[in-house]
There are 2 protein chains.
Amino acid sequence: MSRILSHLGALRCVEAAARHQSYTRAAGELSVSQAAVSQQIRQVEDLLGVKLFLRRGRNMVPTAKGKELAAQLGAGFQAIVDGVNRIQTEPLAGTLNITTTQSMATMLLMPNLWKFHQRHPEIPLRVTVSAELEDLRHSDIDIAIRFGFLEPSELHQKILFEDARVPLCSPQLLEHVDLSSPENLRDCWLVDADYRTGYGWRAWLERAGLDIPDDEIKWLQVSNMDVALSVVMSGHGIFLGSPTLSKQSVRAGTLVQPFPQHIEGGTRYNLLYDGASPRVERIRAFESWLLELVRET
Amino acid sequence: MSRILSHLGALRCVEAAARHQSYTRAAGELSVSQAAVSQQIRQVEDLLGVKLFLRRGRNMVPTAKGKELAAQLGAGFQAIVDGVNRIQTEPLAGTLNITTTQSMATMLLMPNLWKFHQRHPEIPLRVTVSAELEDLRHSDIDIAIRFGFLEPSELHQKILFEDARVPLCSPQLLEHVDLSSPENLRDCWLVDADYRTGYGWRAWLERAGLDIPDDEIKWLQVSNMDVALSVVMSGHGIFLGSPTLSKQSVRAGTLVQPFPQHIEGGTRYNLLYDGASPRVERIRAFESWLLELVRET
DNA sequence: TTCTGCTCATAAGTCCTTCTTATAGTTCAC
DNA sequence: GTGAACTATAAGAAGGACTTATGAGCAGAA
């Protein structure tokens, strides 16, 4: 049997490094130092007598052989993890790791977590807010709640909700700007998180029967919904957001919907998880709770 | 990512132990102590909270989950080894490990190895004689040369030669027994390695037109060709062997074929190796040399 | 260019895991 | 019952892997 199997740890480094094209990021995933990864990979290269990575500026690019090996290693490790997952079903009770966006966390998740706790006190939740979609298969995250249209993957994907978008601002804004008529939108920042798709405020204004020329509008274009929300929360503008997401905030008075007009679509939130995870039981518990929550909102 | 991947070494123990149904044999394969295997497996069981093996007398029998896991692990490790093999082709030069039977080694292989060395001085051979067919995929053996009819497997199998069988004895025997006529076979031990199939001396006697009753024959039944050969070599009997294998010994005078009659078939030698081995180059070199040798013999 | 920031490489020493040894416990065959 | 073969467990030894610290290379900005 190949003596390489005495160096499985080193092969893990190879696989992760090839995937990340970076020793540093691989080290991050494996929770070891960069130096450790470097040493392990060199060991494999020496053992096999094959160069696996080439330094290309800031990246470590796998060679052709490196790529081939890494792909096969990935399949191998996946088979192993699958094998373990198949026989090991963790009990319902236990921690659940969730990652989501800032806006989802502050507007829907956090304010309702106590209800989940009430139903499942045996499942402590750990919520991580991050802008990037974590790699569920290579991290310790169990569930991701993400905005937008996702590529199909091997993960279990479920559309949480799709809905319209309505103008939303903070009550403070109304103290400074008179928003009794849509015409007055000229007077405040229109926060636009859709500057790449172009869909957004332009569509809404049209819907409201307004034709304000571009140069009379104060645009504030931001990269995503989270930034938009934080801008608006601090009272500096108005943005188009999901009614589902904002409903509770509106009811609580922290957000205001100054006009009834809405535009269709444009908002979609998804729930993602690995159906083969040993923690599916608690994942499903969370999923069904969240779906209920969304349905009744 | 599953924390189990930090214990890949322990999972190797699980896989090997399940395959061998024994911690001791698994330890042998992995070249560690039995205690090490025991500890590693217990660690996995504790980590997963799943019992993987049950003690059943002298064996460690994998539980249903243990079996399932081990199968998946086997596939995973195989994928990893395949990946390594695919990118790592060892050069022609280097040691080649061969296992074969006693008779094949003494009669054909050893007397001719110098020729192989002449053609490929860069390939040192290490020949291991053993009665059992080693597990090529889980040992460090590159080539096995084996007698008989083999089950199909994932290994590359090639029939080395099939041939007839002729009576063979040592010249010493002729000094004590007069074998000018087949009738006189009554006077010496008939060594029979075919007592399970029944085919052998009985068939040969028939072929020679003799009808000697069983109780007038001195049978010596042995378990395999190797034992038969060693008995005959020491001058204590006569047996039915392959002309191909014995040709050189006959020419050298260490074996004698006292009668011309032969029986068809019954002898088959195979050559086995893992086609995916990184050492295929030197394996093929040996294969083609051996085939040539057999052809001209 | 030079500077700054990011990345990998390397060395030395520490630490921790794994392994070995030794022994006790269990089962089976005779 | 006794011995042989196997596994379990404990304690200590050995060795590999990891960390820290530092140097070197490269890219992009000033």
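Residue numbers start from 1 in every chain, and the chains themselves are labelled A, B, ... in the order their sequence lines are given, proteins ahead of strands. Not measured: the values here are computed from a predicted model. All values below come from the heavy atoms of this structure, side chains included, with hydrogens, waters and symmetry mates left out.
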Would you call [X] and [Y] a salt bridge, taking side-chain N to carboxylate O under 4.0 Å as the test?
X	Y	answer
Arg19(B)	Glu15(B)	yes
Arg279(A)	Asp274(A)	no
Arg282(B)	Glu90(B)	yes

Check your understanding: Taking it one step at a time, do Arg202(B) and Asp192(B) satisfy side-chain contact (heavy atoms from CB on, under 4.5 Å)?
Key -> CA-CA 10 Å; Arg202(B) 213 63 262 185; Asp192(B) 191 355; over 6 Å; no

Once you round it to whole Å, what is the distance between [atom2] of [N] and [atom1] of [X]?
X	N	atom1	atom2	answer
Gln43(B)	dT18(C)	CD	P	5 Å
Arg42(B)	dT17(C)	CZ	P	15 Å
Leu8(B)	dT18(C)	CG	C1'	15 Å
Gln40(A)	dG16(D)	CD	P	12 Å
Glu45(B)	dT7(D)	CD	P	13 Å
Met60(B)	dC6(D)	CE	P	13 Å
His7(B)	dT17(C)	NE2	C1'	10 Å
Leu47(A)	dA17(D)	CG	C1'	16 Å

Distances for protein N or O near nucleotides 24-30 of chain C N or O, under 3.5 Å:
residue	atom	partner	partner atom	Å
dG25(C)	N2	Arg55(B)	NH2	3.0
dC28(C)	O2	Arg58(B)	NH2	3.2

Check your understanding: Pick one: which of Thr63(A), Val14(A), Val61(A) meets side-chain contact (heavy atoms from CB on, under 4.5 Å) with Phe53(A)?
Key -> Val14(A)

Point to revise | Polar side chain donor-acceptor pair, Thr99(A) to Arg146(A), under 3.5 angstrom | key: yes

**Study point:** Which atom of Ser103(B) lies closest to which atom of Asp226(B), heavy atoms considered
**Key:** OG-OD1, 2.7 Å

Identify all pairs in which a protein N or O lies below 3.5 Å from an N or O of nucleotides 20-22 of chain C, and state each distance.
residue	atom	partner	partner atom	Å
dT20(C)	OP2	Ser33(B)	N	2.5
dT20(C)	OP2	Ser33(B)	OG	2.8
dT20(C)	O4	Gln39(B)	NE2	3.2

Check your understanding: Does the side chain of Arg12(B) reach to within under 4.5 Å of the side chain of Leu5(A), using non-hydrogen atoms?
Key -> yes

**Study point:** Residue Glu154(A) excluded, over 12 heavy atoms near CD under 6.0 Å
**Key:** no

Exercise for review: Given side-chain contact (heavy atoms from CB on, under 4.5 Å), test Met107(A) with Leu229(A) step by step and report yes or no.
Suggested key: CA-CA 10 Å; Met107(A) 295 173 80; Leu229(A) 181 66; 3.6 Å; yes

Review point. Hey, do the aromatic rings of Tyr273(B) and Phe286(B) have their centres closer than 6.0 Å?
Key: no

**Study point:** Residues within residues 14-29 of chain A bordering DNA chain C, heavy-atom distance below 4.0 Å
**Key:** Ser22(A), Tyr23(A), Thr24(A)

